[in-house]
Number of protein chains: 4
Amino acid sequence: MTDNLNTTKNPDSTGPSPSPPGRIKIIQAFKSLLKKKDFDAITWAEIAKTAGVNEGLIYKYFNNSRNLLHQVLAEYLKQYLTEIEFALKGINGALNKLRKFIWFQINSANRERVFARIYILEVRTYSGYFQSETYKLTQEYDKVLLEILDEGIKNGEIRDDVLIAHMRMTIFGAIEHICLPSIIFNREMSPDDFTEDLCKILFSGLGKSN
Amino acid sequence: MTDNLNTTKNPDSTGPSPSPPGRIKIIQAFKSLLKKKDFDAITWAEIAKTAGVNEGLIYKYFNNSRNLLHQVLAEYLKQYLTEIEFALKGINGALNKLRKFIWFQINSANRERVFARIYILEVRTYSGYFQSETYKLTQEYDKVLLEILDEGIKNGEIRDDVLIAHMRMTIFGAIEHICLPSIIFNREMSPDDFTEDLCKILFSGLGKSN
Amino acid sequence: MTDNLNTTKNPDSTGPSPSPPGRIKIIQAFKSLLKKKDFDAITWAEIAKTAGVNEGLIYKYFNNSRNLLHQVLAEYLKQYLTEIEFALKGINGALNKLRKFIWFQINSANRERVFARIYILEVRTYSGYFQSETYKLTQEYDKVLLEILDEGIKNGEIRDDVLIAHMRMTIFGAIEHICLPSIIFNREMSPDDFTEDLCKILFSGLGKSN
Amino acid sequence: MTDNLNTTKNPDSTGPSPSPPGRIKIIQAFKSLLKKKDFDAITWAEIAKTAGVNEGLIYKYFNNSRNLLHQVLAEYLKQYLTEIEFALKGINGALNKLRKFIWFQINSANRERVFARIYILEVRTYSGYFQSETYKLTQEYDKVLLEILDEGIKNGEIRDDVLIAHMRMTIFGAIEHICLPSIIFNREMSPDDFTEDLCKILFSGLGKSN
DNA sequence: CATGAATGAGTGTTCATTCAT
DNA sequence: TATGAATGAACACTCATTCAT
């Protein structure tokens with residue numbers, strides 16, 4: 001499956017989509033295929049066959065394949081965004097929130113390993129990613145983290161001698177890397193253990209605290 | 001460019017091998033194409049044309065496309081491996097070595113941004129990666145880092161209450177993520193600044209140190 | 001023309017199927033090419049061009065080339081099967097039926113020499129033949145002969161001191177070999193004469209009967 | 001492996017070949033490959049590699065692939081020809097000789113199943129076969145059989161009301177067909193049993209002898 | 001809203017063959 | 001006698017895409 005443009009032809013964008021049966025069937029077929037094989041290995045014909053729908057119909061709804069992928073991802077991302085906001089409520093202190101944030105990320109990646117794999121291996125890889133709708137959604141995520149860091153800096157919990165962007169990248173990079181093997185091999189991981197170690201390292205550093 | 005197997009067909013393996021002109025031209029053509037476009041978008045026809053060589057010749061030297069990619073990468077990796085070992089010589093203390101290691105990684109990524117992009121976005125993404133020759137080479141890298149961490153734990157510089165594997169992943173993830181934007185957009189980055197911030201975070205943590 | 005699998009992808013199997021014009025054109029083009037050259041020498045491009053159809057369409061209807069061949073053969077075979085059953089009706093005695101069977105075989109081979117050539121030289125040669133659908137169809141043929149032999153053994157017309165399978169092979173082998181030169185050189189043959197001699201030999205043996 | 005012409009460039013034809021090492025290695029490599037895979041699937045590159053010889057060298061000796069095949073076959077055929085003549089010596093009576101001939105054929109096919117497979121499936125299939133050198137050699141075989149039949153007719157052992165050519169074809173066809181499954185699946189066969197049944201059928205016919 | 005039929009333009013790969021050395 | 005390097009031409013197969021109905 002290849003594609004060039006990122007033309008937006010998202011029926012959802014203009015309001016509550018009527019979501020005709022064909023469209024739903026296509027999305028479901030695509031999701032189920034994504035569980036079995038790489039995005040690049042999925043063909044229109046396969047989707048159509050799995051969905052029990054004509055090939056041509058896919059064009060009606062998703063002009064190009066990347067579009068379909070992004071729409072599926074956007075669904076997940078939107079849901080996570082709601083969840084993370086809810087998950088952080090009632091927690092005091094920036095570091096406490098950060099711990100929760102990290103745990104939530106790992107836990108989500110664990111719950112939806114397929115989705116995580118696609119995001120890390122397929123989407124972020126895509127050269128047009130930073131211009132995509134998906135990227136905009138992930139920025140909302142970023143914002144959640146940045147706010148936590150900001151709060152921590154302001155209230156003195158978090159150091160202020162380092163670029164906040166660098167902190168953010170370190171955190172995301174660490175999370176991602178620690179999850180990568182499990183994601184690639186689709187192995188169960190332990191959010192609690194990973195979070196524990198990650199927070200030790202990220203909060204107080206690798207150095208022995210004397 | 002797609003491929004199935006990862007069969008090694010390296011004429012170099014049995015000796016110095018004069019490396020016939022055609023082979024060299026192919027590799028150079030491939031490298032130069034890699035600077036312009038994604039690996040997946042590069043075709044045999046393109047390589048052949050760029051190299052001024054017959055398509056069939058590519059097959060002669062590199063059984064399949066992934067093989068060509070891996071051989072090119074292996075070249076870089078071998079070189080880096082030599083360099084990092086040299087670079088660490090004469091440095092005392094695990095954290096000092098770690099700082100140098102981080103700096104070296106970022107600096108290398110900066111010097112060879114194309115290579116870094118391919119490695120992060122194309123190779124590591126590949127499902128057969130962990131069975132590949134390339135992976136074995138990167139494990140040598142890992143070993144260098146692990147030895148530093150080990151030394152640090154033994155001499156009390158580095159904490160011992162965290163899985164060493166988690167430390168390694170955090171470090172690599174952090175480095176990778178901090179370099180990612182520059183790599184993707186092929187922008188110059190500052191190894192010194194990046195290293196400075198990364199080490200602050202990784203050595204003593206995000207938390208305010210008192 | 002090469003091929004690997006023998007996957008059945010017969011749109012006809014589930015109903016009457018309008019058999020789209022493209023499919024028909026392909027089959028006809030293929031048949032006409034078969035008259036001119038060996039199966040192995042026929043390319044997709046040639047078929048497509050002859051049929052005035054796109055190459056990809058062949059793939060749509062016949063997953064691989066062997067499949068196309070087998071489907072064409074199956075058509076013939078099915079027709080023959082109906083005919084042979086009809087031809088044997090109203091004949092009394094196993095040897096009389098056998099004579100008719102032999103005559104029918106030779107006559108069919110004569111009528112459709114191209115088909116006969118393909119079957120003998122191309123299909124039966126194919127290593128996957130005995131797993132193919134075509135083979136199953138020819139087994140129906142075999143059954144017709146076996147039933148005749150069986151009847152003859154039971155009613156004392158045919159000897160019972162020889163493996164029935166060996167009789168079958170002798171008969172088929174004899175027919176085939178006697179037709180071979182005509183088939184290869186596409187020369188007219190005389191079913192009556194061939195049958196006469198064959199039956200003499202097969203019924204009462206080479207030995208002088210006194 | 002494909003080929004068009006049947007150009008004779010047989011170094012043997014002009015006398016006792018010096019048979020340089022390369023040539024021998026090539027033939028041996030080819031023979032051993034023939035045991036493992038179909039003739040069509042064997043490539044020059046493979047032969048050269050197996051023989052430990054350069055690809056180009058094959059051209060020196062065997063202008064085209066069919067030529068190589070035929071030369072290998074000719075070797076076998078010549079040997080068989082000598083053997084059959086020897087085997088028939090000292091046997092009295094046409095039918096006794098015929099029985100021996102049949103047994104010899106089946107036994108040879110059994111001993112060299114690979115060779116038999118090639119001859120039946122690859123060579124005889126080839127459209128230029130009847131113009132080939134190989135065909136001429138097999139005609140020598142035919143002659144042996146024809147002489148037996150002739151003798152039998154003359155001395156009254158064998159019927160004279162049937163074309164001798166038809167007898168020959170029946171015999172060869174029967175032998176071939178009875179051996180075919182074993183040849184294709186490379187299964188051991190019992191020359192004694194096969195001969196016994198074949199001779200019963202061929203000598204006195206399928207019909208119950210009164 | 002949905003389909004069946006058909007297309008065009010590639011893709012990686014294969015291989016026999018040639019030739020300078 | 002033998003080799004390494006290189007080529008040219010094809011081949012089966014793939015797939016996103018279009019369009020009339």
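Lettering of chains follows the sequences in order, A, B, ..., and the numbering in each one begins at 1.
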Under 3.5 Å: donor-acceptor pair, side chain of [X], backbone of [Y]:
X: C/N54; Y: C/G56; answer: yes
X: C/N64; Y: C/R66; answer: yes
X: C/Q28; Y: C/K25; answer: no

**OP:** Kindly write out the residues that satisfy side chain to side chain contact (heavy atoms under 4.5 Å, CB included) with B/L137, not counting sequence neighbours, or none if the list is empty.
**Re:**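 Side chain to side chain contact (heavy atoms under 4.5 Å, CB included) list for B/L137, sorted by chain: B/A74, B/L77, B/K78.
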
Starting at [atom1] of [X] and ending at [atom2] of [N], how long is that distance when rounded to a whole Å?
X: B/E55; N: F/dC11; atom1: CD; atom2: P; answer: 15 Å
X: D/K25; N: F/dT1; atom1: NZ; atom2: P; answer: 14 Å
X: B/N63; N: E/dC15; atom1: CG; atom2: C1'; answer: 14 Å

**OP:** Would you indicate, yes or no, if E/dA2 has its OP1 or OP2 atom less than 4.0 angstrom from a side-chain nitrogen or oxygen of A/Y61?
**Re:**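 True: A/Y61 side-chain N/O within range (under 4.0 Å) of E/dA2 OP1/OP2.
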
**OP:** Tell me whether the OP1 or OP2 atom of F/dT14 has a side-chain N or O from C/Y59 closer than 4.0 Å.
**Re:**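 For F/dT14, OP1/OP2 do have a side-chain N/O of C/Y59 under 4.0 Å.
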
Original post:
How is C/G56 classified with respect to the nucleic acid when contacts are heavy atoms under 4.0 Å: base, sugar-phosphate, or nothing?
Top reply: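 C/G56: base contact, heavy atoms under 4.0 Å.
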
**OP:** Using Watson-Crick or G-U wobble pairs with both distances under 3.5 Å, give me DNA chain E in dot-bracket, 5' to 3', with [ ] for crossers and | for pairs to another strand.
**Re:** .||||||||||||||||||||

Report the nucleotide, chosen from [options], that has the shortest atom-to-atom distance to any side-chain atom of [X].
X: B/T43; options: F/dA16, E/dT11, F/dT3; result: E/dT11
X: A/P21; options: E/dG12, F/dA12, E/dA2; result: E/dA2
X: D/W44; options: E/dT17, E/dG12, F/dT17; result: E/dT17
X: B/N64; options: F/dT3, E/dT13, F/dA6; result: E/dT13

Original post:
Where each residue is assigned the nucleotide of DNA chain E containing its nearest heavy atom, which of D/A45 and C/V53 is assigned the position nearer the 5′ end?
Top reply: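 Upstream on the strand: C/V53.
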
Original post:
When you match D/L57 and B/L57 each to their closest nucleotide on DNA chain E, which lands nearer the 5' end?
Top reply: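 The residue whose closest nucleotide sits nearer the 5' end is B/L57.
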
Subject >> Those residues that, when tested against C/E55, pass salt bridge (Lys or Arg N to Asp or Glu O under 4.0 Å) (two or more places apart) >> reply: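 Checked C/E55 against salt bridge (Lys or Arg N to Asp or Glu O under 4.0 Å); zero matches.
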
**OP:** May I ask you to verify whether the side chain of D/K60 and the base of F/dA2 hold a donor-acceptor pair under 3.5 Å?
**Re:**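 When only heavy-atom distances are counted, D/K60 does reach the base of F/dA2 through a donor-acceptor pair under 3.5 Å.
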
Original post:
Which distance, rounded to the nearest 0.5 Å, do you find between the CZ of C/F115 and the NZ of C/K35?
Top reply: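 Here the interatomic distance stands at 13.5 Å.
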
**OP:** Would you indicate whether the side-chain heavy atoms of D/K36 and D/I42 approach each other to under 4.5 Å?
**Re:**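 With C-beta onward as the side chain, the pair stays apart.
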
Original post:
Mapping D/G22 and C/N54 to their closest nucleotides on DNA chain F, which lands nearer the 5' end?
Top reply: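 Result: D/G22.
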
